[in-house]
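First up is the structure itself, then whatever we jot down about it.
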There are 2 protein chains.
Amino acid sequence: MDSFFHHQLQFTRAFTKKINEQLAKVGLYHSQWSIVFYLKHFNSATLVEISNYYDVEKPTITRTVNRLEEMGLIEKIPSTDKREKKIHLTEKGMQVYDDAKRIVDTFEQNLISEISDEDLMVTLHTIQKLKEDVQKVR
Amino acid sequence: MDSFFHHQLQFTRAFTKKINEQLAKVGLYHSQWSIVFYLKHFNSATLVEISNYYDVEKPTITRTVNRLEEMGLIEKIPSTDKREKKIHLTEKGMQVYDDAKRIVDTFEQNLISEISDEDLMVTLHTIQKLKEDVQKVR
DNA sequence: ACAAATTGGTTACCTAGGTAACTATACGCT
DNA sequence: AGCGTATAGTTACCTAGGTAACCAATTTGT
């Protein structure tokens, strides 16, 4: 299949575009949301932990975290290891999480409900395998 | 499945990262390659045609096409409709296409060969459906 | 025929990914 | 103890996506 990866890219672009539209209601972008999500579920984290979890390079995380700090959604507190900074949600960050969670859940649920469980499982499995394989390249 | 879209995004990021590494051998980025690919197969095109084909906004195409012009891979020729510019590959662009095509083909073939035809079909179909559904949102 | 609407393309500016190179701190080993 | 190495984070700069607003040329409608 020639166009397989073409369709993959098309879909993820369309997906992030639309979810950004939805998240605009609470003033978030998708990448900001993903960090807020991580902090809520793991309570607190360093930049490197977030970077490893999402497999996104450190400078990208630095930038987005700084933006979230400007927005008053997170705080950085110095650690005993003076190199690292523990990041955690502020009260405002918690509130935004709740609103954003509802938006993202209904958006994703809408999409997923149109696909059979069977197809969803096969697709998820395939994508996971492709991701492992692609990271092995070279 | 909670993490379904998470894995989608992870995969496409890993994919473009690796294909960018591969294409670096011929001095191209993936988005540049996709335009070179289009021009080779459709011979000549306007910005709007490319924009519609890839569902990418016009300013993004403008920028990448300008970069390709600087690299000497494409030329813009004025059309009878004085608003539009026909874009086509130069001789150098044709050569780069051949080299890049080989790189991309073997890269994609490597990945796809690890997946059964059955799973590939289900996945492609699912992604296509999701793409249609996501564009209907709102 | 001409005013209004549409279309092709650009500019300015935003988020979001990447690499390369750097600083400062911590760790390990001899 | 001290030197070398590894790690956390940042800075600078690249590509790549997006929106909003605009210009100029074309098309449409009355």
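Chain letters run A, B, ... following the sequence lines, proteins first, then strands; residues in each count from 1.
- Every residue two or more places apart in sequence or in another chain was checked for a side-chain contact (heavy atoms from CB on, under 4.5 Å) with A/Asn110, and none qualifies.
- The stretch residues 75-82 of chain B touches DNA chain C through B/Lys76, each having a heavy atom within less than 4.0 Å of the strand.
- Ion pair B/Lys17/A/Glu57 flagged as a salt bridge, since at least one NZ, NE, NH1 or NH2 atom sits closer than 4.0 Å to an Asp/Glu carboxylate oxygen.
- Every side-chain contact (heavy atoms from CB on, under 4.5 Å) that A/Arg67 has, sequence neighbours left out, goes to A/Gln32, A/Glu70, A/Met71.
- Between the OG1 atom of A/Thr90 and the CD atom of A/Gln95 there is a distance of 8.5 Å, given to the nearest 0.5 Å.
- A straight line from CZ of A/Arg83 to C1' of C/dC27 spans 8 Å, rounded to a whole angstrom.
- Considering only side-chain N and O atoms, A/Thr62 lies under 4.0 angstrom from the phosphate OP1 or OP2 of D/dT10.
- Remark: C1' of D/dT7 and CG of A/Leu47 are 13 Å apart, rounded to the nearest angstrom.
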Review item, side-chain donor-acceptor pairs of residues 33-43 of chain B, under 3.5 Å, at least two apart:
{"from": "B/Ser34", "atom 1": "OG", "to": "B/Ser31", "atom 2": "O", "distance (Å)": "2.8"}
{"from": "B/His41", "atom 1": "NE2", "to": "B/Tyr97", "atom 2": "OH", "distance (Å)": "2.9"}

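- Distances were taken from every side-chain heavy atom of A/Thr46 (C-beta onward) to each of C/dG9, D/dG9, C/dA24; the shortest belongs to D/dG9.
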What nitrogen or oxygen pairs link the protein and nucleotides 13-17 of chain C at under 3.5 Å?
{"from": "C/dT15", "atom 1": "OP1", "to": "A/Arg67", "atom 2": "NE", "distance (Å)": "2.7"}
{"from": "C/dA16", "atom 1": "OP1", "to": "A/Ser31", "atom 2": "N", "distance (Å)": "3.3"}
{"from": "C/dA16", "atom 1": "OP1", "to": "A/Ser31", "atom 2": "OG", "distance (Å)": "2.3"}
{"from": "C/dA16", "atom 1": "OP2", "to": "A/Ser31", "atom 2": "OG", "distance (Å)": "2.6"}
{"from": "C/dA16", "atom 1": "O5'", "to": "A/Ser31", "atom 2": "OG", "distance (Å)": "3.0"}
{"from": "C/dA16", "atom 1": "N7", "to": "A/Arg63", "atom 2": "NH1", "distance (Å)": "3.3"}
{"from": "C/dG17", "atom 1": "N7", "to": "A/Arg63", "atom 2": "NH2", "distance (Å)": "3.0"}
{"from": "C/dG17", "atom 1": "O6", "to": "A/Arg63", "atom 2": "NH2", "distance (Å)": "3.0"}

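- Whole-Å rounding puts the B/Phe15 CZ to C/dG18 P distance at 15 Å.
- In this structure, A/Glu84 places its CD atom 9 Å from P of C/dA26, rounding to the nearest Å.
- Rounded to whole Å, the distance from CD on B/Gln135 to P on D/dG18 is 11 Å.
- In this structure, the ring-ring contact (aromatic ring centres under 6.0 Å, His included) partners of A/Phe15, at least two apart in sequence or on a different chain, are A/Phe11, A/Phe107, B/Phe5.
- Take B/Thr123 and apply the side-chain contact (heavy atoms from CB on, under 4.5 Å) test, not counting sequence neighbours, and it matches A/Phe4, A/Gln8, A/Val122, A/Thr123, A/Thr126, A/Ile127, B/Ile127.
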Contacts under 3.5 angstrom, residues 21-30 of chain B side chains, donor-acceptor by atom type, not counting sequence neighbours:
{"from": "B/Gln22", "atom 1": "OE1", "to": "B/Lys25", "atom 2": "NZ", "distance (Å)": "2.9"}

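- In this structure, A/Gln22 atom CD and D/dT19 atom C1' are separated by 17 Å, rounded to whole Å.
- In this view, B/Lys18 satisfies the side-chain hydrogen bond (donor to acceptor under 3.5 Å, both in side chains) rule with no residue, not counting sequence neighbours.
- One interatomic measurement links the two molecules: NZ of A/Lys85 to P of C/dA26, which rounds to 14 Å at whole-angstrom precision.
- In terms of phosphate contacts, A/Lys58 brings no side-chain nitrogen or oxygen within less than 4.0 Å of OP1 or OP2 of C/dG18.
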